[in-house]
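To keep things clear, I will list the structure first and then write my remarks on it.
Chain identifiers are assigned alphabetically (A, B, ...) following the order of the sequence lines, protein sequences preceding nucleic acid strands; residue numbering begins at 1 within each chain.
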Number of protein chains: 2
Amino acid sequence: MPGSSPFHAIADPTRRRILDALLAGPLRAGELAQRFPRISRPAVSKHLRVLRSSHLVFTEQRGREVWYRIDPAPLAEVEKWVQQYRAFWEEKLQALKKAAEES
Amino acid sequence: MPGSSPFHAIADPTRRRILDALLAGPLRAGELAQRFPRISRPAVSKHLRVLRSSHLVFTEQRGREVWYRIDPAPLAEVEKWVQQYRAFWEEKLQALKKAAEES
DNA sequence: TATATTAGTAACCAATAGGTTACATATCGG
DNA sequence: CCGATATGTAACCTATTGGTTACTAATATA
């Protein structure tokens with residue numbers, strides 16, 4: 001539990017939507033949960049725990065409220081990995097272009 | 001099963017290593033499995049099925065051999081999503097830089 | 001101080017994931 | 001044709017995931 005992979009953290013679509021919501025700015029736990037009417041608050045709370053454990057979000061306690069905000073730093077690892085494949089797919093696009101020009 | 005998310009497909013470290021291996025060029029199923037001595041061939045076969053179902057790899061049958069190669073196209077979705085957060089973390093780096101200069 | 005409000009946790013459950021061994025299927029080579 | 005090789009699948013097991021409801025702890029407020 002202490003420090004799971006960002007690849008695992010972003011695998012779940014609900015967790016990605018949570019991060020997307022936080023992109024606009026910090027939110028309280030409850031407010032965040034309200035944005036997912038189809039699942040319960042504890043379910044969201046668990047997703048937040050996963051995001052915390054992978055350091056994709058961090059919290060600031062203000063009285064009884066807990067504010068969540070993004071820390072996108074761990075996504076750099078994901079980006080780096082995906083970028084390895086960029087050259088590959090750009091090659092393919094090049095090949096397609098060439099083929100189109102030759103037809 | 002027909003068409004699972006690339007986010008899910010790359011969540012597993014073994015599947016990422018399979019893709020990494022294929023980056024150097026196409027490989028046969030068995031040859032691929034040999035690179036993972038700690039897990040059985042059927043386990044690798046199952047990972048390959050997941051990768052196939054998310055269209056990250058495709059196969060070419062040649063006699064009794066099955067050659068696997070990468071199709072990185074679905075990773076574009078991942079890249080696109082991660083890039084949204086780029087601006088965010090670059091801002092943070094900027095802020096750090098600024099703070100360093102002012103100290 | 002009593003009561004709402006906010007957030008997390010405990011205990012539980014069904015479904016999925018990732019692994020295993022045993023088996024089926026198809027092709028190659030002698 | 002027959003044995004060896006290459007690959008995938010079936011059946012099964014355990015751990016993890018994502019969800020639920022019920023409860024606890026802490027802080028704000030009337």
Side-chain angles (χ1 to χ4, degrees), chain A residues 1-22 25-71 74, chain B residues 1-22 25-70 74 78:
Chain A
M1 313 85 154
S4 70
S5 148
F7 290 95
H8 169 247
I10 68 172
D12 183 89
T14 301
R15 283 198 291 270
R16 287 199 301 280
R17 288 180 59 203
I18 289 175
L19 291 176
D20 289 343
L22 289 175
L27 288 172
R28 289 181 299 108
E31 201 168 341
L32 211 30
Q34 283 184 338
R35 308 208 173 186
F36 302 89
R38 320 185 73 165
I39 63 179
S40 68
R41 197 181 53 70
V44 173
S45 187
K46 279 174 138 193
H47 283 306
L48 287 172
R49 177 160 51 175
V50 173
L51 291 172
R52 254 184 283 130
S53 88
S54 59
H55 308 108
L56 278 164
V57 303
F58 59 98
T59 57
E60 188 186 344
Q61 189 109 20
R62 294 184 59 173
R64 68 183 159 182
E65 297 179 349
V66 178
W67 289 79
Y68 280 82
R69 62 181 76 218
I70 276 193
D71 181 2
Chain B
M1 309 87 156
S4 70
S5 148
F7 290 95
H8 169 248
I10 68 172
D12 183 271
T14 301
R15 283 197 292 269
R16 286 200 301 280
R17 289 180 59 204
I18 289 176
L19 291 176
D20 289 343
L22 289 175
L27 287 171
R28 289 182 298 107
E31 202 169 340
L32 212 30
Q34 283 185 338
R35 309 209 172 184
F36 302 90
R38 320 186 73 165
I39 63 178
S40 68
R41 198 183 52 72
V44 173
S45 186
K46 277 174 139 193
H47 283 307
L48 287 172
R49 180 160 49 175
V50 173
L51 290 172
R52 254 183 284 129
S53 88
S54 59
H55 308 107
L56 279 164
V57 303
F58 59 99
T59 57
E60 186 186 343
Q61 189 109 21
R62 294 184 59 173
R64 66 183 160 185
E65 297 179 348
V66 178
W67 289 79
Y68 280 81
R69 62 182 75 218
I70 276 194
V78 177

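Within the cation-pi definition used here (under 6.0 Å to the ring centroid, within 45° of the axis), B:Arg17 does not qualify as a partner of B:Phe36.
Checked against C:dG19, D:dA10, D:dA6, the side chain of B:Ile39 finds its nearest nucleotide in C:dG19. Closest to the side chain of A:Pro42, from the set C:dT6, D:dT20, C:dG19, is D:dT20. Nearest to the side-chain atoms of B:Asp12 among the listed nucleotides D:dG19, D:dG8, C:dG18 stands C:dG18.
With hydrogens and angles ignored, a donor-acceptor pair closer than 3.5 Å exists between the side chain of A:Arg41 and the base of C:dG8. Donor-acceptor pairing under 3.5 Å, judged by distance alone, is absent between the side chain of B:Lys46 and the base of D:dG8. Checked by distance alone, B:Arg64 brings no side-chain donor or acceptor within 3.5 Å of a matching partner on the base of D:dT7.
When rounded to the nearest whole Å, the span between CD of A:Glu60 and C1' of C:dA7 equals 16 Å. One can place CZ of B:Arg62 at 16 Å from C1' of D:dT7, the figure rounded to the nearest angstrom. Atom CD in B:Glu31 sits about 13 Å away from atom P in D:dG8, given to the nearest Å. Whole-Å rounding puts the B:Glu65 CD to C:dC28 C1' distance at 10 Å. Protein atom CH2 of B:Trp67 is 14 Å distant from nucleotide atom C1' of D:dT7, rounded to whole Å. Separating the CD atom of B:Gln34 from the C1' atom of D:dA6 is a distance of 11 Å, rounded to the nearest angstrom. The interatomic distance linking B:Leu51 (CG) with D:dG8 (C1') rounds to 15 Å, in whole Å. Distance CD (A:Gln61) to P (C:dA7): 9 Å, rounded to an integer number of Å.
Formation of a donor-acceptor pair under 3.5 Å by the B:Arg15 side chain with backbone atoms of B:Ile10 is not found in this model. Looking at B:Arg52, its side chain never comes within 3.5 Å of a backbone N or O of B:Phe58 through a donor-acceptor pair.
Across every non-hydrogen atom of B:Arg69 and B:Glu60, the tightest pair is NH2-OE1, 3.5 Å. Listed here is the closest heavy atom pair of A:Arg16 and A:Ala11: NH1-O, 3.2 Å.
Take the nearest nucleotide of DNA chain D for A:His8 and for B:Val66: the residue whose nucleotide is more 5' is B:Val66.
B:Arg28 comes within 4.0 angstrom of sugar-phosphate atoms only, judged by non-hydrogen atoms across all strands, and of no base. Nucleic acid contact class of A:Tyr68 (heavy atoms, under 4.0 Å, all strands): sugar-phosphate only. Heavy atoms of B:Ala29 sit under 4.0 angstrom from primed sugar atoms or phosphate atoms, though from no base atom. Residue A:Arg15 is classed as a sugar-phosphate contact, given heavy-atom separations below 4.0 Å to backbone atoms only. Backbone-only engagement by A:Arg38 is indicated by non-hydrogen atom pairs under 4.0 Å involving sugar-phosphate atoms exclusively.
Between B:Val50 and B:Leu56, the closest side-chain pair of non-hydrogen atoms is not below 4.5 Å.
Contact between the side-chain N/O atoms of B:Ser45 and the OP1/OP2 oxygens of D:dT7 is not found at any separation under 4.0 Å. Regarding contacts with the backbone of C:dA17, every side-chain N or O of B:His47 stays at 4.0 angstrom or more from both OP1 and OP2.
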